[in-house]
Amino acid sequence: QVQLVESGGGSVQAGGSLRLSCTGSGYTFASKIMGWFRQAAGKEREFVASIAWSNSHTNYADSVKGRFTVSRDNANNKMYLQMSSLNPEDTAVYYCARASVMFLTSRSDLYDQWGQGTQVTVSS
């Protein structure tokens, strides 16, 4: 069955960096657009970034543009989110997701498979 597993979360001070990983299995990873979302306590899930089949097409939420970089390694069924210049507002559970459509999208309803999430906590 399809499975997405995130890793790499943790606690970091403001200004620091973290790299999240997402490993996909049970499907042809390279054939699907992938995305990252996050959900802070008491808030709705929000889009962070998405990436097409290759690393040449990506899009980002305005709140993370210039600080976060999404990439993928199709040979190893992995997607990454490199996060830099972190601030407390980035504190959330981060989820990777598989898109059900063939175009980059920030709409969570267009993603059909989700990981369990990994916690990122940024302290000031």
Side-chain angles (χ1 to χ4, degrees):
Q1 73 279 18
V2 175
Q3 194 171 19
L4 297 173
V5 179
E6 303 95 338
S7 61
S11 297
V12 64
Q13 289 193 325
S17 299
L18 277 175
R19 189 177 82 154
L20 306 183
S21 299
C22 170
T23 302
S25 60
Y27 70 103
T28 305
F29 184 83
S31 69
K32 293 292 190 178
I33 287 172
M34 299 292 294
W36 287 99
F37 289 76
R38 67 186 182 185
Q39 187 167 20
K43 295 187 177 181
E44 293 189 356
R45 189 172 298 186
E46 65 174 2
F47 169 76
V48 174
S50 63
I51 185 166
W53 309 275
S54 71
N55 287 305
S56 60
H57 292 85
T58 59
N59 71 326
Y60 297 91
D62 288 342
S63 59
V64 306
K65 205 170 289 184
R67 300 188 299 122
F68 290 11
T69 301
V70 60
S71 61
R72 64 193 296 166
D73 175 2
N74 289 329
N76 291 296
N77 291 355
K78 290 185 180 295
M79 176 178 64
Y80 303 100
L81 186 67
Q82 178 67 48
M83 306 184 294
S84 303
S85 301
L86 285 162
N87 58 63
E89 289 69 41
D90 296 315
T91 295
V93 177
Y94 283 71
Y95 299 89
C96 69
R98 185 187 77 171
S100 60
V101 295
M102 303 298 277
F103 51 86
L104 294 176
T105 180
S106 61
R107 288 176 48 183
S108 61
D109 62 318
L110 296 183
Y111 289 79
D112 61 357
Q113 296 289 335
W114 295 80
Q116 82 289 349
T118 186
Q119 176 71 47
V120 171
T121 303
V122 184
S123 57
S124 57

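Fair warning: this is a prediction, and the values are worked out from it, not measured in the lab. Here, residue 1 is the first one in the sequence, and each next residue gets the next number.
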inquiry  = Going by the rule side chain to side chain donor-acceptor pair (under 3.5 Å), which residues pair with S124 if we only count those two or more places apart in sequence or in a different chain?
reply    = none
inquiry  = Let me confirm one number: the CG-CG distance from L4 to N77, rounded to the nearest 0.5 Å.
reply    = 10.0 Å
query = Can you list the residues that meet the side chain to side chain donor-acceptor pair (under 3.5 Å) rule with T28, with sequence neighbours excluded?
reply = none
remark   = Between A30 and W53 the two heavy atoms that sit nearest each other are O-CD1, 3.1 Å
inquiry  = If you compare all heavy atoms of W36 against all heavy atoms of V70, which two are closest, and at what distance to 0.1 Å?
reply    = CD1-CG2, 3.8 Å
key: Heavy-atom check, side chain of Q113 versus side chain of Y27, under 4.5 Å   = no
message = Using only atom types and a distance under 3.5 Å, with no angle test, would you say the side chain of Q116 pairs donor to acceptor with the backbone of V5?
response = no
query = Distance from M79 atom CE to K32 atom NZ, nearest 0.5 Å?
reply = 14.0 Å
key: Verdict with supporting geometry, H57 and F103, side chain to side chain contact (heavy atoms under 4.5 Å, CB included)   = CA-CA 10 Å; H57 292 85; F103 51 86; over 6 Å; no
ask   = Given L104 and I33, is the side chain to side chain contact (heavy atoms under 4.5 Å, CB included) satisfied, shown in steps?
value = CA-CA 7 Å; L104 294 176; I33 287 172; 4.0 Å; yes
inquiry  = Give me each pair satisfying salt bridge (charged side-chain N to carboxylate O under 4.0 Å, His left out) with a member in residues 109-124, each pair once, sequence neighbours excluded.
reply    = R98-D112, R107-D109
note = Closest heavy-atom pair, M34 versus C22, reported as atoms and distance to 0.1 Å, is CE-SG, 4.3 Å
ask   = Measuring from C96:SG to I51:CD1, what's the distance to the nearest 0.5 Å?
value = 12.5 Å
query = Under 4.5 Å between any side-chain heavy atoms of D90 and R67, yes or no?
reply = yes
key: Crowding at NZ, K43 (>12 non-hydrogen neighbours, <6.0 Å)   = no
task = Please identify each residue that fulfils side chain to side chain donor-acceptor pair (under 3.5 Å) with E46, with sequence neighbours left out.
result = R38
Co-members of the apolar cluster containing V93 [side chain, <4.5 Å] = F37, F47, Y95, Y111, W114
inquiry  = Rounded to the nearest 0.5 Å, what separates atom CD in Q39 from atom OH in Y94?
reply    = 12.0 Å
message = With heavy-atom distances below 4.5 Å as the criterion, would you say the side chains of L20 and M83 are in contact?
response = yes
ask   = Hey, what do you get for CG (L86) to OG1 (T91), rounding to the nearest 0.5 Å?
value = 8.5 Å
query = Got a sec, which pairs hit side-chain hydrogen bond (donor to acceptor under 3.5 Å, both in side chains) with one end in residues 8-26, sequence neighbours left out?
reply = T23-K78
ask   = If two hydrophobic side chains count as joined below 4.5 Å and joins carry through other members, does V2 share a cluster with F29?
value = yes
query = Side-chain contact, heavy-atom cut-off 4.5 Å: F68 with L18?
reply = no
